[in-house]
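Here's the structure we're looking at; comments come further down.
We use all heavy atoms of the structure for the numbers below, so side chains are in, but hydrogens, waters and symmetry mates are not. Numbers restart at 1 for each chain; the letters A, B, ... are given by sequence-line order, proteins then strands.
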Amino acid sequence: MGTIIEFRNITKRFGPVVAVDDVSLTINEGEFFALLGPSGCGKTTLLRMLAGFELPTRGQIFIDGKDISRAPPNRRPVNMVFQSYAVFPHLSVLKNIEYGLRMDGVPAAERRARAEAALSLVQLEGYGERMPDQLSGGQRQRVALARAVVKRPRVLLLDEPLSALDAKLREELRFEMSALQDKLGITFVMVTHDQDEALVLATRCAVMNKGSLMQVATPADLYEFPASRLVADFIGSVNLFAGNVRSEEANHAIIDLPELGISAWLDHGTGTSETVQLWLALRPEKVELMKRGTTDRPPVMEGTPPGYNVAAGTILDIAYLGSESVYDIRLDGPETGKEGKRIRVIRPNLTRWDQEDFTWDEPVWIGWHAEAAHILQQ
Amino acid sequence: MREEPGLLDYARRWPLRLMVGTTFVFLYAPLFVLIAFSFNDSRRTARWVGFTLDWYKAAFADRELIAALGNSLTIAAATTLLSLILGTLAAIALWRFRFTGRAAVDGAFSLPIVAPEICMGVAMLIFFARVLPWPVGLPWPLNLGAIIIAHVAFAFPFVAVVIRARLASFNREMEEAARDLGAGPWRALADVVLPHLGPALVAGALLAFTLSLDDFVITFFTAGPDTVTFPVKVYSMVRFSVTPKVNAISTLLLVITVILTFIALRLQARATAEKPA
Ligand SMILES: Nc1ncnc2c1ncn2[C@@H]1O[C@H](COP(=O)(O)OP(=O)(O)O)[C@@H](O)[C@H]1O
Ligand SMILES: [Mg+2]
């Protein structure tokens, strides 16, 4: 599919504040694209520049190859679902949905038909005559959605569309939005600070921080192959250990991890030299937890020779979450008597008794496979 | 059976009841006396003699008094309309745009609210004597022009304050949504911002109307011999003698004001109920 939106070196300043800093980004037709980042990182500003509510300080924005950087909001082929929904309180649901069509001069009969169709698309048949203050938050969100898609925009913009709803409704609407996008085939661009929302909904995500793009990738790539410690930490949780390459081959590498006093075996080369500072990123669910008596031999992890990717530790804390348990483990560390690094391990509760396997203060082995860890250079 | 008042049932405890009662007496007793004696069959406003409508007949027969009332109502209507337009535009400009000197303009708008009325009156007198002499002998209602200008000058800042207070509760995303859906800037203003202002427009109009209708000080300095307003006329009548005729016409004014307020409140209630447009 072709490019539909292009941001070219977009910078936006508000006085001394640089809200968006030299962002270049292309979004493809039919994508469900998410702008993800902590609060204040400039996601909304980027979206508002796309809608036409802010003008870029520098750079250009193209839609379908046309430079629309300075076009007014009513002359852009995009429509927006606002964070507050902004459903007009003095108009009925149907009149709200018809508003955009009326602005386009669509004849009354067609207007009514399209509005009714949009209403059933968001499963609000029969609500047309209601006033917005007679609707729940979730229903108002659907009205906002219907009002935006009824104009058949090239791109639908959504600013934190679900953040004002409670958890259960949020989950429900996630699936509905996903289904809606499939049905309409419109490109969606969504702003969110909720990583779960982005991972579930988006086909591709841009992670932003302090006005800059950190990484643009699919949700799976963001999680499994983050480009930096910042992204790794923002998407899910991660254990990070500083290290250096000890030996590098085509099909494997050995990384010294001085904080742990052990070496890690990787299933691939790192493409760097010994002097480069690296970090080993290890997701909690990719670490295995094993019993350790006082005399046990260290286990051998899959894909690694004996003596690699295994460390001794003690359980500090356990959080039982039903589907899984989270273990906080203190590693023994390189020097005896000194407290070592801590590592977080997630273990699925595959049977009803799994949560009883380990207990507080129990000595354990932790270990990971050669394919489990990811190497970061920044 | 009477129950003991609860801890928070302030309204059922005697100190509060006494205070509320006293307040009502001070608020309404003078008005009640005014109304009662407009029906009193006696020249003196001291003792109740009997019911009569003679004072109303006398008041309506007094051509000068009726002319003054007509002047006042005309001035008030014109002032309301102009103040509403000016006040709304000023409020929207101050809310919508950032420009250099915005704070100064903001302050300048509220000056007429805090300036002593006597200063405004003298200022108007000098203004119309030296700067913009209003031609004498114009046909009615053009001869009221100077007074209308003076009234608008002190009334529209009140309208602007009311409108601005309402604008503060306006969700900007509403206007952006209208723009996003294809409305131009003016269209969005008319379709989304103005409906939100509805109740404030009613309140502002009411405020301007009553401010204008009962203004004495500023009018006194701008009125000429052929442009006497109702308060000025009453003042001059009372200087000779207090007749129940004044009571009668004042009662009428009170009734007009109450009816207008009632209508305004009804309109406002309907605007708040947010009926389909
Ligand atoms: N209209 C504005 N005026 C001044 N500063 C603004 C304005 N809009 C946003 N900002 C600033 O720009 C930065 C990015 O804001 P925003 O895009 O809303 O972040 P996000 O949506 O990621 O939370 C913040 O520091 C914010 O304070
Ligand atoms: Mg935001």
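- Side-chain contact between B:Glu176 and A:Arg48: present, with at least one pair of heavy atoms (C-beta onward) separated by less than 4.5 Å.
- Other residues, nucleotides and ligands contribute more than 12 heavy atoms inside 6.0 Å of the CZ atom of B:Arg102.
- Partners of A:Glu116 according to the side-chain hydrogen bond (donor to acceptor under 3.5 Å, both in side chains) rule, which considers only residues two or more places apart in sequence or in another chain, do not exist here.
- The local environment of CZ in B:Phe26 is sparse, with at most 12 non-hydrogen atoms from other residues, nucleotides or ligands closer than 6.0 Å.
- For B:Phe32, the CZ atom sits in a loose shell: 12 or fewer heavy atoms of surrounding residues, nucleotides or ligands are nearer than 6.0 Å.
- Of the listed residues (A:Leu157, A:Leu101, A:Val81, A:Val87), the one with the most heavy-atom contacts under 4.5 Å to chain B is A:Val87.
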Pairs under 3.5 angstrom only: tabulate donor-acceptor contacts from the side chains of residues 187-211 of chain B to other protein residues two or more places apart or in another chain.
from     : atom 1 : to       : atom 2 : distance (Å)
B:Arg187 : NE     : B:Asp191 : OD2    : 3.0
B:Asp191 : OD2    : A:Tyr99  : OH     : 2.7
B:His196 : NE2    : B:Arg166 : O      : 3.2
B:His196 : NE2    : B:Ser169 : OG     : 3.2
B:Thr210 : OG1    : B:Leu206 : O      : 2.9
B:Thr210 : OG1    : B:Leu207 : O      : 3.1

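- When the candidates A:Arg147, A:Arg102, A:Met103, A:Arg75 are compared by the number of heavy-atom contacts under 4.5 Å with chain B, A:Met103 comes out ahead.
- Interface with chain A: from residues 87-96 of chain B, no residue qualifies, criterion being any non-hydrogen pair under 4.5 Å.
- The side-chain hydrogen bond (donor to acceptor under 3.5 Å, both in side chains) test applied to A:Lys151 returns A:Asp104, not counting sequence neighbours.
- For the residue pair B:Asp180 and A:Val78, the shortest heavy atom distance occurs at OD1-O, 3.7 Å.
- Only the side chain of B:Asn171 comes within less than 4.5 Å of a heavy atom of chain A; its backbone N, CA, C and O stay farther away.
- Checking side-chain atoms of B:Glu173 against main-chain N and O of A:Ser84 turns up a donor-acceptor pair under 3.5 Å.
- The environment of CZ in A:Phe14 is crowded: more than 12 heavy-atom neighbours from other residues, nucleotides or ligands sit within 6.0 Å.
- With rounding to the nearest 0.5 Å, the separation of CD in B:Glu175 from CZ in A:Phe88 is 10.0 Å.
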